[in-house]
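All remarks here apply to the structure that follows.
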Amino acid sequence: MDYQAFLIKYGEIALKGKNRYLFENALVDQIRWALGPVDGEFQVHKEQGRIYVESQSGEYDYQECLEALQRVFGIVAICPVQILEDQGFDRLKEDVVNYMKRIYPQCNQSFKVHARRARKSYPLQSMEINALLGEAVLEAFPGTHVDVHQPELLLNVEIRERIYVYSQEIPGLGGMPAGCNGKAMLLLSGGIDSPVAGYMVSRRGVSIEAVYFHAPPYTSERAKQKVVDLAAQISKYCGPIRLYVVNFTDIQMYIYDKCPHDELTILMRRYMMRIAEHFALKDKCQGTITGESIGQVASQTMQSLAVTNQVCSLPVYRPLIAFDKQDIVDVALKIDTYETSILPYEDCCTIFVAKHPVTKPNLKAIQRSEQKLKEKIGELVDAAIDSVEVVEIGGGQ
Ligand code: ATP
Ligand code: MG
């Protein structure tokens, strides 16, 4: 293996003091978790404001490791590092030139050597190292030239116990490491939008739990499996996810029996939010998340959103609220949920739903309809909560 380590670059320059420390620790934890299933043994450590991932044996799957790191929120760039034993400066010159030949065989870019002496006892000063290594590279690649202000290629040489050489920066996802900004409950359906919504909020450092409402036997085991699969896919980014699977059939049937059919969707959504919030509060989440976007369907007009919102006490985060569908699809493709989301299984929201649901529901009218449910709805909601199935996803990764 050509690279024995990765230097992890992270951003959020505004982070200071205690926040920075929490951010770094959460990032180290998340990196360890993401590398769990990757072939090879890795050490992840924090040192002087940097994070290194090192393979002690050098035996590991480079591509797999890189892909795992590219799914960790909070990483801005990943630099593959070649680690050299310190065998004297002449040998270092040779090794650095060989590194350049391997990575940039046709190198004709401008460059600059940037040496850092973490080991202060090293016999040469940083400036001398820059000059001497620069000279060696120029000799080996006559087509290059040094540009100290805006080099196309920055060759980093860090003198530590061993010597770390790196020049490539592979982009990471950015954002903040999961878990450093609290926790929220995602209403996860089998559609395209909600997995993207969960991913986006989690990218800001929020841990995720999820709740899925199904309506057996009207919705199938396959529809439920699809949601489990979507949760597993986003958990590759967000970390472990506890998924609550709530049986919504009796509530749905009861609403269908008692209320005008064009109000079914909005009434269902209000009960979904109430139940989601129950689990959110129980698990100390600070908010709920949905995949709603203004105007996308009848239940997502401004009026419908307001009527749904009225039953919520926690903040409802709707990261896709101003997104066009295509923008959402683009993210779904990027995070690899799209193919699963478009599998054609039935969703509880589409069953019994009126052809023309109300698009401008009136809060008073909806509240009047809910009065008609008074007799049994409390009992049914309690039963749905009590019979919940809990699926832990990604925990043992
Ligand atoms: P999605 O693609 O996320 O399913 P959608 O465009 O189908 O969204 P709706 O069906 O109106 O829109 O749902 C709006 C939001 O309500 C979803 O993004 C999701 O957060 C939540 N939701 C809808 N159905 C369910 C369900 N069966 N279980 C859990 N959450 C749901
Ligand atoms: Mg849906």
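Order of listing sets the numbers, starting from 1, for every ligand and every atom in it.
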Are there more than 12 heavy atoms of other residues, nucleotides or ligands under 6.0 Å from atom NZ of K183?
yes
As an exercise, state the distance from CZ of R20 to CG of N25, rounded to the nearest 0.5 Å.
11.5 Å
Ligand 1 atoms nearer than 4.0 angstrom to some heavy atom of G191 are 1 (P), 2 (O), 4 (O)
Please check if the side chain of S202 supplies one atom and the backbone of G198 the other of a donor-acceptor pair under 3.5 Å.
no
Is S194 close to ligand 1, meaning an N/O of one under 3.5 Å from an N/O of the other?
yes
Hey, which atoms in ligand 1 end up nearer than 4.0 Å to a heavy atom of T290?
20 (O)
Shortest heavy-atom approach to atom 21 (C) of ligand 1 - which of M272, E292, R269
R269
Mark yes or no for whether E209, through its side chain, and M185, through its backbone, hold a donor-acceptor pair below 3.5 Å.
no
Identify, with sequence neighbours excluded, every residue that meets side chain to side chain donor-acceptor pair (under 3.5 Å) alongside Q56.
none
Give yes if a backbone or side-chain nitrogen or oxygen of S189 is under 3.5 Å from a nitrogen or oxygen of ligand 1, and no if not.
yes
Does an N or O from K325, backbone or side chain, lie closer than 3.5 Å to an N or O of ligand 1?
no
In this structure, CE of M176 is separated from CZ of R203 (nearest 0.5 Å) by 11.0 Å
Report, in ascending order of atom number, the atoms of ligand 1 lying under 4.0 Å from any heavy atom of V211.
29 (C)
Just distances here: any N/O of F213 and N/O of ligand 1 closer than 3.5 Å?
yes
Give the numbers and elements of all ligand 1 atoms closer than 4.0 Å to a heavy atom of G291.
17 (C), 18 (O), 20 (O)
Atoms in ligand 1 flagged as close to I192, the criterion being non-hydrogen separation under 4.0 Å
2 (O)
Is there side-chain contact between R102 and D2, with heavy atoms separated by less than 4.5 Å?
yes
Does an N or O anywhere in P195 fall below 3.5 Å from an N or O of ligand 1?
no
Sorted by first residue and then second, give each salt bridge (Lys or Arg N to Asp or Glu O under 4.0 Å) pair with at least one member in residues 30-43; sequence neighbours left out.
none
What do we get for L188 next to ligand 1 when only non-hydrogen atoms under 4.0 Å count, side chain, backbone, both or neither?
backbone
